[in-house]
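What follows is a set of notes on a single structure, which appears directly below.
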Amino acid sequence: MKLKTLKKILKVLFVYDPEARLDLFELFPRLKSFFSNRRNFAILRTFGDIVFTILILMGLFGPQDPSRNIMLFISWGVWWTSIVLSWFFVGRMWCGVCPFPGIGRIFQKLGLYRKKLPLQTFSKYCAYGATILLALILWVEAVTHMKYSPFLTSLLLISILLGATVFAILYKGQAWCRHFCPMGKIIGAAATMSILEFRPLLEKCRGCKDFPCKRGKGNIPGCPVYLGAYAVKNNLLCLVCGHCVPLCDRDSPRLFLRHPLKELIINKGRYLTCAYIIPFLMASQLSRFIQEKTVWYQSFKASLANSEAIAFTIILGLWFIFFVGIIRLGAKLFTFFEDELFGKFSPMVPVLVPMAFTGELTYRLDYFLHEVGNFFPVLGRQFGLELEHLGFVVPEWLIILTLKTLIIVGGIGAFYVAWIFYSQEFEGIVPKINFFGIVGLIVMISTLYFVFC
């Protein structure tokens, strides 16, 4: 890579300019070739499907002792942690190779499905349904201590697989991924702070009448989530699956490098998905930290007939109310949250997104770092091999330092978004923004994460 190109990349990533972005297809032609060759994604999906199937079988029929079944670490440590990390680097690209739609794709290739588009009401109400499903998954994960149960982990994977398969039979494309997948909604919300964006060159789309990027061409299907390259305006819905790249004869779809906070700042929390997902996600993170790391939680649970479900639900509900209150208070501190053209928006939501992202990464990484040293010993016990000597322990001080550093990074990201709003986006529009009040909220939330993680 030339020094000049490297400087351009660093400038785009670290100096906020809403107009600055780099066309990666132009800079790296091989990257465009990768997206153009559909076989590449097919290989990735096939690999994911095989691993996914093995994990489910290991959970259903393998040892149920957590110290003798490696599928738990692969599922909750490697898989989930990798997905969370991917939010920042590649946005929703994980969804482009996700194994959950695998069986549904087989049914559709065999023609065993209703060739109908999803109901329009899905677009209006899907955020509610997906948020409820996400809430249910995180609640069940915590209450049942699912990440220590191979069987329950497999049941979770099967239930999401079943949902994706049923919707693939009922509707063409990937209706589940577009409207109801709880993982898709959380990934879409987090992908708003990705360093990549998949966008069209709209000047090349003008005059197009066939829209093959959406409808497909010949035997090649179009966009699996009914967008088409020309309609992609943000990272919430686009799977970055590359379907549209070989279909477009105008060379419009492009992959751009951008400042990671660009979309958060531009959209200002307008979308319902973010407004619901972010406070619940942060509430669940603090609730899970408290459940696993505090002594008083056990006493609190004991006072409620030792009911994990009741205790965790109360803690989760209180934290959710707290973060919804923070979002509303933040809107008042910004003093500007509605515009005649822009409509209503929630400026505190994009401020919280970096903290929500690093909070989830902190939680998943905590499990990964504590369990990674047991990978080979657990693998050996499961398959009758002597691998105990390959085990190791990550020093606790290193784990704590890593997690606390991530929390600080999240707080810095939140402060940066708030500062751009204060110094650039809202400057001259409103009489006064209580910037120090907003900073106080950021410091308070960061402190809470610092204390409980």
Side-chain angles (χ1 to χ4, degrees), residues 59 63-69 71-73 75-77 80-81 84 132 134-156 182 186 278-326 355-356 358-374 377-378 391 393-407 410 444-453:
Q64 293 304 303
D65 181 353
S67 66
R68 294 180 177 275
N69 197 324
M71 74 86 63
L72 288 173
F73 177 71
S75 300
W76 297 104
W80 244 115
T81 306
V84 177
I132 292 171
L134 175 66
L136 180 62
I137 288 174
L138 292 177
W139 183 85
V140 171
E141 176 194 341
V143 169
T144 64
H145 302 283
M146 186 181 291
K147 61 186 180 183
Y148 300 105
S149 170
F151 185 77
L152 291 179
T153 298
S154 287
L155 287 186
L156 172 64
I186 186 177
I278 296 305
F280 180 81
L281 184 61
M282 299 182 76
S284 72
Q285 290 160 4
L286 287 178
S287 300
R288 284 175 279 165
F289 278 130
I290 289 173
Q291 178 195 38
E292 296 177 11
K293 293 181 177 291
T294 61
V295 176
W296 66 262
Y297 175 84
Q298 302 304 321
S299 301
F300 175 67
K301 183 175 70 172
S303 69
L304 297 169
N306 213 35
S307 173
E308 192 79 68
I310 297 175
F312 186 80
T313 300
I314 292 174
I315 298 295
L316 179 61
L318 290 174
W319 279 122
F320 181 70
I321 294 171
F322 171 80
F323 281 110
V324 169
I326 289 292
M355 305 179 78
T358 52
E360 191 64 23
L361 180 59
T362 298
Y363 179 77
R364 300 300 173 184
L365 199 59
D366 184 30
Y367 176 85
F368 174 84
L369 292 175
H370 277 103
E371 297 296 329
V372 65
N374 294 322
V378 173
V393 176
V394 178
E396 191 64 27
W397 67 266
L398 181 58
I399 295 177
I400 294 174
L401 177 63
T402 302
L403 303 186
K404 304 294 187 186
T405 300
L406 283 174
I407 292 171
M444 178 181 65
I445 296 171
S446 298
T447 302
L448 289 172
Y449 273 96
F450 228 78
V451 169
F452 291 121
C453 86

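The first residue of the sequence shown is numbered 1, and numbering continues consecutively from there.
Closest of all the heavy-atom pairs between Leu398 and Val394 is CD2-CG1, 4.1 Å. Here the closest heavy-atom approach between residue Gly391 and residue Pro377 is recorded as CA-CG, 3.6 Å. Between Val84 and Arg364, the shortest heavy-atom distance links the atoms CG2-CG, 4.1 Å. Shortest non-hydrogen contact noted between Ser154 and Met71 is OG-CE, 3.7 Å. Across Leu134 and Pro182, no two heavy atoms sit closer than the pair N-CB, 3.5 Å.
A donor-acceptor pair under 3.5 Å links the side-chain atoms of Ser303 to the main chain of Phe300, judged by distance alone. In this structure, Thr294 contributes its side chain and Phe289 its backbone to no donor-acceptor pair below 3.5 Å. At distances below 3.5 Å, not a single donor-acceptor pair connects side-chain atoms of Ser75 with backbone N or O atoms of Leu72.
The aromatic rings of Phe73 and Phe368 lie parallel to each other, their planes meeting at an angle below 30°, with 60° marking the opposite boundary.
Looking at Glu371 and Lys147, no side-chain N of the basic residue comes within less than 4.0 Å of a carboxylate O on the acidic one, giving no salt bridge.
Atoms CG and CD1, on Leu136 and Ile132 in that order, are 9.5 Å from each other to the nearest 0.5 Å. Interatomic distance, Leu406 CG to Leu361 CG, rounded to the nearest 0.5 Å: 5.0 Å. A distance of 9.0 Å separates CD of Glu141 from CD1 of Ile137, quoted to the nearest 0.5 Å. Residue Asp366 holds its CG atom at 10.0 Å from OG1 of Thr81, rounded to the nearest 0.5 Å. Interatomic distance, Ile186 CD1 to Leu138 CG, rounded to the nearest 0.5 Å: 6.5 Å. One distance of note links CD of Gln298 with CG of Asn306; it measures 8.0 Å at 0.5 Å rounding.
Val140 places none of its side-chain heavy atoms less than 4.5 Å from the side chain of Leu156.
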Would you mind writing out the side-chain donor-acceptor pairs for residues 445-453 within the sub-3.5 Å range, not counting sequence neighbours?
unit_1, atom_1, unit_2, atom_2, d
Ser446, OG, Ile442, O, 2.9
Thr447, OG1, Val443, O, 2.7
Tyr449, OH, Gln285, OE1, 2.5

Run the side-chain donor-acceptor check on residues 307-326: report pairs under 3.5 Å with partners two or more places apart or on a different chain.
unit_1, atom_1, unit_2, atom_2, d
Ser307, OG, Ile310, N, 3.2
Glu308, OE1, His145, NE2, 3.0
Glu308, OE1, Lys301, NZ, 3.1
Glu308, OE2, Gln291, NE2, 3.0
Glu308, OE2, Tyr297, OH, 2.6
Thr313, OG1, Trp139, NE1, 2.7
Thr313, OG1, Ala309, O, 2.5

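Applying the salt bridge (Lys or Arg N to Asp or Glu O under 4.0 Å) definition to pairs two or more places apart or across chains, those involving residues 281-291 are Arg288-Glu360.
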